[in-house]
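Naming convention: chains lettered A, B, ... in sequence-line order (proteins, then strands); numbering from 1 in each chain.
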Amino acid sequence: MALLEVKHVKKVYKPRLVGVGVTALRDVSFSVRRGEFVAIMGESGSGKTTLLNILAALDKPTSGQVLLEGKDLARTRERDLAALRREHLGFVFQDFNLLDSLTVRDNIFLPLVLANVPHDEMERRLTPLVKTLGIERLVDQYPYELSGGQKQRTAVARALITRPSILLADEPTGALDSHAAESLLRTLGRMNARGQTVLMVTHSTNAASRATRVLFLKDGRVRKQIRRGERDSEAFYAAISRSLAATIRPQRGGATHA
Amino acid sequence: MRSRLSFPWLALRSMWLNARFYLPYLLSCALIVALHYDIQFLNMNTGTDLLPGASSVHGLLSVVVLAVDFFSIFLFVYTNSFLMKRRERELGLYSILGMERRHLRKLLRWETLFAGVISIGGGLLLGIGFSQLFVLLFRAVMQTDVALGFEVPKLAILYTAFVYGLMVLMNLVTNLVRVSFVRPIVLFHTTDVGDREPRTRRLVAIVGVMALGLGYSISFFDNPLENLGLFLLAVLLVIVATYCLFSSASIAILKRLRANASYYYQLRHFFPVANTLHRMRRNATGLATICVLSTMALVTASTTFGMYVGAGVGAAWGNTQEGRALVSAYFFVGLFLSILFLMACALIVYYKQVSEGYEDAPCFATMQQVGMSDDEVDLVVHGENSLAFLPPLAMAACHTLAALPITSRILLAFGITNMGLVLSCTALTLLVYGALYLIAFRIASRTYRRIVAWPAADAARRGYRTGRAVER
């Protein structure tokens, strides 16, 4: 059984009073199996963030289904959705979203505090995690004392400490310099190699080339998907670039979208 | 031609768009203007001169006017700085869109002019309307046949308009200086840089404890009617102690709470303790001010209440008409002052909650993303607000009890010897004030709750959670 199944998801934003709605997602279907590293690529306006908000149960689809471990998100009550988010989903955002008033340690503990996990268990989980992420010396510092890369590692630690079924990353390298971005992508790759399922939304070809599968989203539909197979990152990068040129960019001489 | 027309228009429009911040500002300014006018009206009313003990009443009212002026300055500065802080982004945007500083200054001048006209003009109208009510109330309380007529003393209007015109001018100068010296890009990027974790200031704590001990001990032997200077010193010492303790002991206590893992790592304590500690350095002044205002309201109310009830119960001079009139005047003025202090206090609580709500909203968005339910948001909001607002109330109650010896000595001078009566009056005042304070606190909490968190799906749609606009 797939870990995450997205079936014919459609999302229309209706204006509050009168007027024509905006269709963000037309008909999106795909599934993610346990242990996969899936990247979703698309330009601004392709519906990436809408899709991610729906997967994160922060928003509901107009029609279609999202099944997480066989459970229909649309049919889950609001109260249970919060529990589902903290127990099954880990989030990494472009702008980190760390809390300034908490130390690195307490930022990482946040979802565990929400889940009522005893303090000694928190510490037990923290030690190996911060070591893997290379932030063990920073745990008593505050976010404003950290570099962008260190902040994003902290955010990854916060996402992983609950041992989520799936890690959702929204443009995680978007606010990082190339060095920090590279290091973060290697970390995500390493986590995936250990069995962590990752779903990343990005428009960076370089970031997508670390995934095992790439979906191309355009105008609210999945236009194409390619698998890494036996290719290395460079060959996959080239393949993604070719697919991008073929699907995302408008065809030469073709009809232009209004 | 066009620019001459558009600046007042732009100013009005931006006030309308910022109504959420402007409305409480204008309302509170108008209220304090009205109160100022009304007390002036009483002081200048021809009927007041005919009252028995007229000179005492005049003396009292003059002191009250000074107190009102003092708190007005505080209120105007506080609310204005809050308002401007919220506006910085907008002003920054204007300057990025091509407005020069002189344009911004022009805009601010118009806004300030409108705000001044509305608050002073509206306040005066409100005050004139109230004064009729005051006359009725005053006559009822004073129990005299002397008529306080409905009149509109020009001098009261002029004086009030002059005092508040000065305050508006003071705010205008502050704001103009502010836009003139800050670079537009700084105005635009005014998102708060994280405060550093506050250090525990041991010396300040020691000074605070010593000042408090000294101030309290004066209460036990001083007779204010013989030695007013010592009484004022005690008041000053307690005020200093309050500020010192709120800026030092609070930090030490919060750090202790944070160090206790089994307490701290619980949902209802975790974010409240961390966040309150984090902004304590900035907040200490506000909380100490709430405490001082509450104490003033409590001491004034309980003393005058005790006096009124005591005189009625049977102090010898309570039977003469002059004595009754005087004690009624004291009661009236005391009641008035208490209401004033309570109002200032409620206003600070409200402003504090609104400004912190906007600061905390991204934190709550993040916490909801990582899995905080709406009920848990309620729990955390409640925990945080209790942590901020209960200590000032508790400390104010403590100050009031410590002031009992000195206030009972004042009452003794008025012939009120029944200590049980004084105690029960104080207890009743504490109860009533506590209830009013909690109501203000509840209203402020609810405002804060509305600001910090929308229902999850609604927030996602607004793109709030990811900190940028949702793709459409």
Side-chain angles (χ1 to χ4, degrees), chain A residues 13 22-24 42-54 56-60 78-87 89-91 93-103 106 109-120 122-123 142-145 158-159 162 170-171, chain B residues 191-198 258 260-280 359-360 362-377 379-380 384 454-472:
Chain A
Y13 287 108
V22 179
T23 307
E43 300 285 288
S44 314
S46 61
K48 283 178 302 183
T49 304
T50 305
L51 179 60
L52 205 74
N53 278 335
I54 288 173
L58 292 170
D59 205 351
K60 284 188 188 328
E78 197 66 44
R79 182 185 304 247
D80 299 327
L81 282 179
L84 179 131
R85 275 199 286 276
R86 68 172 177 251
E87 280 156 25
L89 303 172
F91 296 94
F93 306 95
Q94 177 171 355
D95 6 87
F96 326 124
N97 291 4
L98 298 175
L99 303 191
D100 277 332
S101 55
L102 300 179
T103 58
D106 289 348
F109 282 166
L110 178 64
L112 297 184
V113 172
L114 290 172
N116 264 322
V117 172
H119 177 242
D120 47 348
M122 292 183 188
E123 294 286 350
Y142 283 91
Y144 52 80
E145 299 169 303
R158 182 181 67 190
T162 56
D170 182 9
E171 210 76 75
Chain B
T191 35
D192 296 79
V193 185
D195 299 69
R196 315 241 140 210
E197 181 180 310
R258 196 179 56 171
N260 179 355
S262 61
Y263 172 87
Y264 177 55
Y265 289 109
Q266 278 178 28
L267 181 61
R268 67 173 72 224
H269 305 136
F270 180 67
F271 184 71
V273 169
N275 211 32
T276 309
L277 173 61
H278 187 69
R279 63 157 70 102
M280 203 59 212
E359 264 174 45
D360 289 349
C363 298
F364 277 92
T366 301
M367 289 193 281
Q368 282 175 293
Q369 272 165 346
V370 302
M372 181 183 274
S373 68
D374 285 350
D375 290 346
E376 288 163 342
V377 171
L379 192 73
V380 170
E384 191 176 359
W454 301 300
D458 197 21
R461 211 165 299 128
R462 298 189 202 195
Y464 200 83
R465 277 145 206 291
T466 44
R468 56 204 156 100
V470 171
E471 290 175 12
R472 294 259 159 120

B:N260: what forms a side chain to side chain contact (heavy atoms under 4.5 Å, CB included) with it, not counting sequence neighbours?
-> B:S262, B:Y263
[X] [atom1] to [Y] [atom2] distance, which is reported to the nearest 0.5 Å:
X	Y	atom1	atom2	answer
A:L102	B:M367	CG	CE	8.0 Å
B:Q369	A:L89	CD	CG	11.5 Å
B:L267	A:L110	CG	CG	9.0 Å
A:D100	B:C363	CG	SG	7.0 Å

B:F271: what forms a ring-ring contact (aromatic ring centres under 6.0 Å, His included) with it, not counting sequence neighbours?
-> B:F364
Here the pair of heavy atoms bringing B:Y264 nearest to A:D106 is OH-OD2, 2.7 Å
Under a 4.5 Å cut-off applied to non-hydrogen side-chain atoms, are B:Y265 and A:V117 in contact?
-> no
Min side-chain heavy-atom separation B:T366-A:R158 under 4.5 Å = yes
Residue among A:E145, A:M122, A:H119 with most heavy-atom pairs under 4.5 Å to chain B | A:H119
Between B:N275, B:D360, B:T276, which is the residue that forms a side chain to side chain donor-acceptor pair (under 3.5 Å) with A:S101?
-> B:N275
Backbone N/O of B:Q368 and side chain of A:R85: donor-acceptor pair under 3.5 Å | yes
